[in-house]
Amino acid sequence: MIPVTKPYLPDRKKFEKYIDGIYQRHWLTNKGRLVQDLTQRLEEYLGVENLLLVANGTLALQIAYRVLGISGAHPMGSSEAITTPFTFIATASSLKWDGVEPVFVDIDPDTWCLDPANIVSAITPKTKAIIPVHVFGNACDVEAIDSLAREYNLKVIYDGSHAFDTKYKGESLLRHGDAATLSFHATKLFHTGEGGAIVFKHKEDLERAKKMINFGITGPERIEDLGINAKMSELQAAMGLCVLDEMEENLAARSGVWLRYKKHLASRVQLQRQSPHLSYNYSYFPALFETEDQAQSIAARLEADSVLVRRYFYPSLESVNCLGEHSPQAISSDVAKRILCLPIFDQLGKEEQMSIINIINMELNS
Ligand SMILES: *Cc1c(COP(=O)(O)O)cnc(C)c1O
């Protein structure tokens, strides 16, 4: 069976060395050495400041909402945040979970990121923030979004779960927004098993978040603020340190896979239009087919050959009941129906990949 993705497993001997250290120090969590090391190394690697490691990417979003004052009630009812319907459920469900109404605006038909032209008409007196997603690692139109946010006095939190190691105009894409979040779930490009991070623009926000992820506790007998448990453990950090050491090999293998798909499929299917200022991380290979039927028959044909492709992201989130009633989002729901993400991971062999490409081409010809 060829899965759509396979978690990256780093050198086991090295991982065991880190585990030995954990045993020697007898220190498993709470400001451990490995979490501190990983924080510093990620800031250097990504070229960002004010990075905070947390337990997962969903808590990263929720802590960012709290710190930036987005969660909670507005005098006129629930607060609102403008976001994209074309993303993983956590972007919107985390808002709803925290009492903030997600307000969906449609995506650009080519970049599949939230289209800034749709933002202004969705702003109400209750709007507190914009939560765009750098979907599949593509860069949102950060200049347009950041300038609208300034004009209307809104916070911006980019869900950068797919944007590890992407650069925009030569700098980390994660430097945009009041905060940008990352997911280090096992299936993501860089991972810690479960894990995540927040990159804050301002140091004061980082300092507040540090307290918040440890129950608001600031001393042995001192609780300063309302908090939650969102700490990363030493075991997670150990995995992250090992995966980070091997990023170069991982990226080289994935870019090979990505470029081979592109070479053989670019003239047959629609690919995501990437920002011209982006340097890409080869995290996903989404392909948009002409019709839902075509996408579905290709998925079925691949599955019969033990290849699992996924409809990322389906369904478009305005149609998910637990998120409440929302107006139709024509472009997102159309893209969601016709898209398939093809298998991409470091160990995907050339022959396996060519068999996937051949099946797709055969179906497209039939
Ligand atoms: C993976 C993902 C998340 C959630 O991250 P977890 O670490 O699984 O909690 C949020 N948003 C997007 C876009 C994701 O892909």
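Quick note: numbers below take in every heavy atom, side chains included, and nothing from hydrogens, waters or symmetry partners. Both ligands and their constituent atoms are indexed starting at 1 by order of listing.
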Specify the protein heavy atom at minimum distance from [atom]: its residue, its atom name, and the distance to 0.1 Å.
{"atom": "atom 15 (O) of ligand 1", "result": "His162 NE2, 2.7 Å"}
{"atom": "atom 5 (O) of ligand 1", "result": "Ser183 OG, 3.2 Å"}
{"atom": "atom 4 (C) of ligand 1", "result": "Thr58 OG1, 3.6 Å"}

[X] N/O to ligand 1 N/O under 3.5 Å:
{"X": "His185", "answer": "no"}
{"X": "Glu194", "answer": "no"}
{"X": "Phe313", "answer": "no"}
{"X": "Ser161", "answer": "yes"}

Report summary line: Here the gap from Glu352 atom CD to Gln347 atom CD, rounded to the nearest 0.5 Å, amounts to 9.5 Å

Query raised in the report: For Lys188, is the nearest heavy atom under 4.0 Å from an atom of ligand 1?
Result: yes

Query raised in the report: Does ligand 1 have an atom that lies less than 4.0 angstrom from a heavy atom of Ser94?
Result: no

Taking 4.0 angstrom as the limit, do [X] and [Y] come out as a salt bridge?
{"X": "Lys17", "Y": "Asp11", "value": "no"}
{"X": "Glu80", "Y": "Lys128", "value": "no"}
{"X": "Glu207", "Y": "Lys211", "value": "no"}

**Report entry** Tyr282: ring pair (Phe, Tyr, Trp, His ring centres under 6.0 Å) partners, not counting sequence neighbours
**Finding:** Trp258, Tyr280

Under 4.0 Å from a heavy atom of [X]: which atoms of ligand 1 are those, numbered in the order shown and with their elements?
{"X": "Thr87", "value": "13 (C)"}
{"X": "Gly195", "value": "7 (O)"}
{"X": "Asp159", "value": "10 (C), 11 (N), 12 (C), 13 (C)"}
{"X": "Asn56", "value": "7 (O), 9 (O)"}
{"X": "Gly57", "value": "5 (O), 6 (P), 7 (O), 9 (O)"}
{"X": "Ala90", "value": "4 (C), 10 (C)"}

Query raised in the report: Tyr8 and Phe345: aromatic ring centres closer than 6.0 Å?
Result: no

If you take all heavy atoms of [X] and [Y], which pair is closest and at what distance?
{"X": "Val54", "Y": "Ala60", "answer": "CG2-CB, 3.7 Å"}
{"X": "Arg268", "Y": "Asn365", "answer": "NH2-OD1, 2.9 Å"}
{"X": "Thr29", "Y": "Ser233", "answer": "OG1-CA, 3.7 Å"}

Requested in this report: Flag the pair Ile63 / Ile228 as yes when at least one side-chain heavy-atom distance between them is below 4.5 Å, and no otherwise.
Outcome: yes

